[in-house]
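Because the structure is predicted, anything quoted here is derived from the model rather than measured. When a ligand or atom number is given, it counts from 1 through the structure's own listing order.
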Amino acid sequence: METGTAFGTSSPNNVTLKKWVEKIAALTTPDQVFWCDGSEEEKAHLLEGAVAQGVLLKLNEEKLPGCYYHRSNPNDVARVEQCTYICTPARDEAGPTNHWAPPRDMYEKLYGMLRGGMKGRTMYVVPYLMGPPGSPLTKIGVELTDSIYVVLNMRIMSRMGRVALEQLGDGDDFNRGIHSVLDCNPERRFICHFPQDNTIISVGSGYGGNVLLGKKCLALRVGSYLGRNQGWMAEHMLILCVESPAGEKTYVAAAFPSACGKTNFAMLIPPDQFPGWKITTIGDDIAWMKPGADGRLYAINPEAGYFGVAPGTNYKSNPNAMRTIARDTIYTNVALTPDGDVWWEGKDEPAPPGTLDWKGQLWSPESGEKAAHPNSRFTAPMTNNPVLAPEALEAAGVPISAIIFGGRRATTMPLVFQSFNWVHGVYLGATMGSETTAAAVGSLGQVRRDPMAMLPFCGYNMGDYFNHWLGIRRDLSDPPRIFHVNWFRKDADDEFLWPGFGENFRILQWVIDRCHGRAKARETQIGWMPHYEEFDWTGIDYPREKFDECMRIDGNEWRRELISQTELFLTLHDRLPKELIFQRELLVSRL
Ligand code: OXD
Ligand code: MN
């Protein structure tokens, strides 16, 4: 590596990388090209620049050391699924659940938009790793971006800089990512994936999920495509470790749709009645999993940070998240208090007078508006997490004993049940439904099918994706057991039937006891279900009647559920594995 005299001038010797960077710089014509090395000195330099440009605001150093505040363009606050494309030569490869465009047309259109698009700006070259250095699952990416905010977020969310260039050496196997905010015009916003070329181009947005290209774009959309071809899985799952008082460790992966509590579940603190039990976090959003030589499924978290939803996070709902975001965190679209602190709906204390909302307007509770955007976020390094599992930093990955699927469902879905077997479990994941949240632009609270919580993130035909899930079983002699949970069922008065948060530990305990052959269950039409007696209810007033209500299988609700599931199956009909059609028929006959 050359040694530069000024920040950003030191480029590596990799010829392929250099040529590609030169080509994109010739197209986008930035004023300068800045090569990121990921060092602490560089971080300080970039933060200083971001504050000087007004992109970031330094928060109160005493209350929030090393923390910064960012307001996005109000037209750019969430993922935009309608602008997200999978560009494969044949439409069928992307499948009916993705927006599709032919690669040649899309490259032409995007290069047209990018031509001269970085004039007057700096183009940052951001080399990064998704995954711990040295893991066989880890992937290298390079993102070229004209957003200093993106660079500073990528440094938290991935292993960024020299470490990635070292792993790349003089190789050419890296994901090519190009990002430009352009004029942040929703009409000129495109998030495009070219899985066959291991390439991503994102224009017209500055919002995390659209522009931190290592996350949803590489780790899920392109990752799922690579995983299918290379025999591994890229999933929208948290990974946690449950450690018993005797030191037994059980690893669990769970897929819930965006803004349905993955971060809370991954950092859960067991209730006081369970002394000696501990939950540690491996990841809160994405799991890359591959069958190991011992026939178990091994998972890594490809990310290095948390890009979490702020509203609702407090010392009661998630104390570990609150501690994680107390330093070295970037806050986006939350409210700003007069003393340089941050605030959001559901934070522990009320907002002090003089608080500015996420758009910078003076806010009061009487305004009827939200102070923080419902999809406002924190970006925090995972090493801040007081319950980070040491395994999160290791290359080997962890063997998964249980996979949990779950959605946000006011009706129909019981608190917890277990699938009869792997194929039935794949069916449970494939037919998952959830009410829509603020994480994506669009209407809120409507049940939509979100198979494996991957509907917005699967980089190829969903029917082939189900087949890949079924096929992975062949390489597993000891597959994870598969479960379904629903923390969000409501009663007739619209009240939640289950307290959730830390109490979810009780459910988790039944799950891991099932994996270890220690807990009983009864066979029902939809799967194996626990008896009330299976749980230790000390410390919580949770009567049997409420439990029964929360576990109820309602014939009419299930009839509607089956009709709604059928719609997805019809959409996918030509690539839908027949195993799933059989599972549906079996369910119908059992019901
Ligand atoms: C996320 C999402 O940001 O799923 O993780 O939208
Ligand atoms: Mn997510």
Side-chain angles (χ1 to χ4, degrees), residues 70 72 76-84 97 130 149-150 153-154 156-158 189 191 193 200 202 205-224 233-240 253-267 281-288 299 301-313 318 321 324-325 329-334 344 372-380 382 404-408 429 432 434-444 448 450-459:
H70 174 75
S72 79
D76 187 28
V77 292
R79 284 185 290 101
V80 271
E81 290 172 14
Q82 67 275 25
C83 309
T84 302
T97 59
M130 295 310 285
Y149 168 83
V150 166
N153 276 271
M154 283 294 284
I156 298 175
M157 295 306 296
S158 68
R189 188 167 289 159
I191 295 93
H193 307 73
I200 302 158
S202 168
S205 171
Y207 170 74
N210 299 328
V211 299
L212 308 179
L213 299 186
K215 190 175 177 63
K216 300 301 182 182
C217 301
L218 171 53
L220 288 178
R221 297 197 191 96
V222 173
S224 59
M233 308 164 92
E235 299 299 330
H236 193 200
M237 290 180 180
L238 67 95
I239 313 164
L240 60 78
F256 308 150
S258 309
C260 287
K262 282 201 297 299
T263 306
N264 289 347
F265 195 50
M267 297 181 181
T281 318
I282 287 120
D284 81 326
D285 194 42
I286 298 175
W288 282 357
N301 168 16
E303 302 191 278
Y306 309 124
F307 182 63
V309 178
T313 309
N318 193 342
T324 302
I325 62 181
T329 294
I330 299 174
Y331 290 93
T332 302
N333 291 340
V334 298
W344 47 79
H373 187 277
N375 192 38
S376 53
R377 299 278 179 151
F378 51 77
T379 319
M382 71 174 174
I404 304 179
F405 293 118
R408 183 184 285 272
M432 235 170 89
S434 194
E435 290 154 22
T436 45
T437 68
V441 173
S443 57
L444 301 184
R448 73 164 180 182
D450 190 352
M452 282 86 172
M454 281 288 280
L455 183 70
F457 306 120
C458 184

Separation between CZ (R79) and CD1 (I191), nearest 0.5 Å, reads 10.0 Å
Would you say D284 and T263 are linked by a side-chain donor-acceptor pair, where the criterion is simply a distance under 3.5 Å?
yes
Can you confirm if the NZ or CZ of K262 lies within 45° of the ring axis of F256 and under 6.0 Å from the centre of its six-membered ring?
no
Without hydrogens or angle criteria, can the side chains of S434 and D450 be said to hold a donor-acceptor pair below 3.5 Å?
no
Could you check whether T281 and Y306, counting side-chain N and O atoms only, form a donor-acceptor pair closer than 3.5 Å?
no
Non-hydrogen atoms of P302 and A219 that approach each other most closely
CG-CB, 4.2 Å
Does one side chain, of N333 or S72, offer a donor that lies under 3.5 Å from an acceptor on the other?
yes
Measure and list all N/O to N/O distances between ligand 1 and the protein that fall under 3.5 angstrom.
from     : atom 1 : to   : atom 2 : distance (Å)
ligand 1 : 3 (O)  : R377 : NH1    : 2.9
ligand 1 : 3 (O)  : R377 : NH2    : 3.3
ligand 1 : 4 (O)  : K216 : NZ     : 3.0
ligand 1 : 4 (O)  : H236 : NE2    : 3.3
ligand 1 : 4 (O)  : S258 : OG     : 2.5
ligand 1 : 5 (O)  : K216 : NZ     : 3.0
ligand 1 : 5 (O)  : D285 : OD1    : 3.3
ligand 1 : 5 (O)  : D285 : OD2    : 3.1
ligand 1 : 6 (O)  : R79  : NE     : 2.9
ligand 1 : 6 (O)  : R79  : NH2    : 3.2
ligand 1 : 6 (O)  : S258 : OG     : 3.2

Return yes if some donor-acceptor pair links the side-chain N/O of R408 with the main-chain N/O of P257 below 3.5 Å, else return no.
no
Determine whether the side chains of T313 and N318 contain a donor N or O and an acceptor N or O closer than 3.5 Å.
no
Give me the number of protein N, O or S atoms whose distance to the Mn ion (ligand 2) is under 2.8 Å.
3
